[in-house]
Amino acid sequence: MKSFLPLNWGLPGGSRIAAGKVFGTAEPGARLRMFQVYRFDPDNTGGPRLDTYYVNRDDCGPMVLDALIKIKNEIDPTLTFRRSCREGICGSCAMSIDGRNWLACTQPIDDIPGAVRIFPLNHFPVVKDLVVDLNHALAQHRLIEPWLKTETPAPEKERLQTPEDHAKLDGYYECILCFCCTGGCPSYWWNGDRYLGPAVLLQAYRWLIDSRDEATGERLDRLEDPFRLFRCHTIMNCTKTCPKKLQPAKAIAMTKAMLVERQH
Amino acid sequence: MSISRTPLARARGLGSAKSGTADFWRQRVTSVLGLPLIAGAILVIVSNIGADYRSAIECLRRPAVAILLLLTILNFCVHMRIGMQIIIEDYIHNETAKALLLIANTGFVAAAGVAGALALVKIAAVG
Ligand code: SF4
Ligand code: SF4
Ligand code: FES
């Protein structure tokens, strides 16, 4: 998915990306891959730039995150990004890779033709280099109260759920809150201050359909809003860009169906 | 120093409007009903191709045709109003401009709907 618009098309002055530095070129005989990485230093007066790194593919792990770690360790220690689990379970390393939001640790380098272009996760304010500010999105997650809510006193052992009821959560509980989907959602770009976005709405649905939860109606009340929920216009970008292969758009459609159901 | 609200306060904002489902449902219903209605309306137009003024008017005066066309106008006025409201709310972020455009949207739909309905009623009643 290459962008066919010029890099700085329509960007305001402070966001224009300048050509950056080039690190380490031709080692004779090495199988080199070119990485172009977005850089922004808040302590510097200059705007963002695109730095170029050459990485020896024969001396590097298979994933984009392996290359980023190699760059940081061996070429340029100032490169800043988030990562933790390096196996697609913590959600830290979400970024825009080759024009698509994905986890750097589950994106094979060899699946990308040509230069590997890496930018911060779409839409979110940049803190530094590939690190974005997720405070608002995480507060929206807090808003939906993502925990089991009950009034019935706790039983002696755990709260039980049939295997069938538990199976209903499949495809929803696996969300790792990487926000790849939310960053790729056009409705979130235009109205992210009020629209909750696909990641948070998928999480909300996960609690709506938990058979043990006693706050379903209260949860629906909280979502029933022209902006919080109904800004989703089923554009489906979210489902395309979920690295866990989940379907936030479906969860949102099912939530709307629940709201219709309680009206009729 | 400016003291900003906490992220949670900003995310919660003014709270949930506890509405939106009715418009969502109405938009779906008018989409579905719109299909047979528009098919019928096109049929009426096509069957009048080449007809002279008198026989076209006679066709529109038939109760079944008049009812079909009135319902089509009503259906698409409702659909158009909600659709345009969604577009305005998506892209217009200045609160004053948004309010003015939403009023204009309602006014336009009401005017177009009443004009269309009046024309049909006049044809049905007077010819
Ligand atoms: S389906 Fe809804 S949540 Fe997903 S990208 Fe489209 S508008 Fe956003
Ligand atoms: S739904 Fe998928 S893309 Fe969205 S936050 Fe969850 S895991 Fe990430
Ligand atoms: S490092 Fe944990 S998801 Fe990539």
Side-chain angles (χ1 to χ4, degrees), chain A residues 124-125 132-146 179 182 185-197 199-201 203-204 215 217-235 252-264, chain B residues 1-35 75-109:
Chain A
F124 294 103
V132 293
D133 181 351
L134 291 171
N135 276 327
H136 179 61
L138 291 168
Q140 290 177 307
H141 183 231
R142 167 76 175 70
L143 177 160
I144 60 137
E145 312 198 344
F179 292 106
T182 298
C185 168
S187 280
Y188 198 80
W189 301 342
W190 312 136
N191 287 291
D193 52 338
R194 294 169 72 183
Y195 175 49
L196 296 180
V200 166
L201 289 172
Q203 288 283 338
E218 176 197 321
R219 292 180 188 281
L220 286 174
D221 286 347
R222 208 178 292 125
L223 295 177
E224 186 173 16
D225 182 271
F227 280 84
R228 283 183 174 184
L229 172 72
F230 286 106
R231 273 310 103 187
C232 167
H233 304 318
T234 327
I235 308 164
I252 297 169
M254 303 293 274
T255 306
K256 291 173 182 169
M258 288 174 92
L259 283 167
V260 171
E261 190 188 332
R262 72 168 185 178
Q263 297 275 350
H264 296 276
Chain B
M1 198 185 94
S2 74
I3 298 174
S4 54
R5 304 184 73 192
T6 64
L8 185 61
R10 257 186 292 131
R12 285 191 175 151
L14 300 175
S16 158
K18 297 201 175 58
S19 71
T21 310
D23 269 0
F24 169 77
W25 181 240
R26 224 169 268 146
Q27 197 68 342
R28 294 300 172 282
V29 169
T30 49
S31 305
V32 173
L33 293 181
L35 290 174
N75 184 78
F76 282 103
C77 280
V78 172
H79 192 82
M80 182 168 74
R81 173 167 183 252
I82 298 173
M84 188 48 92
Q85 178 171 341
I86 289 172
I87 293 172
I88 293 168
E89 287 169 347
D90 272 355
Y91 296 116
I92 308 298
H93 294 107
N94 174 303
E95 290 300 324
T96 315
K98 185 158 70 180
L100 290 174
L101 282 169
L102 289 177
I103 293 168
N105 181 39
T106 306
F108 175 79
V109 169

With a 4.5 angstrom heavy-atom cut-off, is it the side chain or the backbone of [X] that approaches chain B, or both, or neither?
X: A:Q263; value: side chain
X: A:F227; value: side chain
X: A:R228; value: side chain

Closest-packed option against chain B by number of heavy-atom pairs under 4.5 Å, given A:H136, A:R222, A:H233: A:H233

What pair of heavy atoms forms the shortest contact from B:A17 to A:P226, and how long is it? CB-CD, 3.7 Å

Closest approach of B:D90 and A:W190, non-hydrogen atoms and distance? O-CB, 3.6 Å

Go through the side-chain N and O atoms of B:H93 and A:D193 and say whether any donor and acceptor fall under 3.5 Å apart. no

So, A:R194 side chain and B:A11 main chain: donor-acceptor pair closer than 3.5 Å or not? no

Quick check: does any side chain N or O of B:S16 sit under 3.5 Å from a backbone N or O of A:D225, one acting as donor and the other as acceptor? no

How long is the span from the CD atom in A:Q140 to the CG atom in B:L8, to the nearest 0.5 Å? 10.5 Å

Hey, is CE on B:M80 packed in by over 12 heavy atoms from elsewhere, all under 6.0 Å? yes

Residue B:L14 versus chain A: region with a heavy atom under 4.5 Å: neither

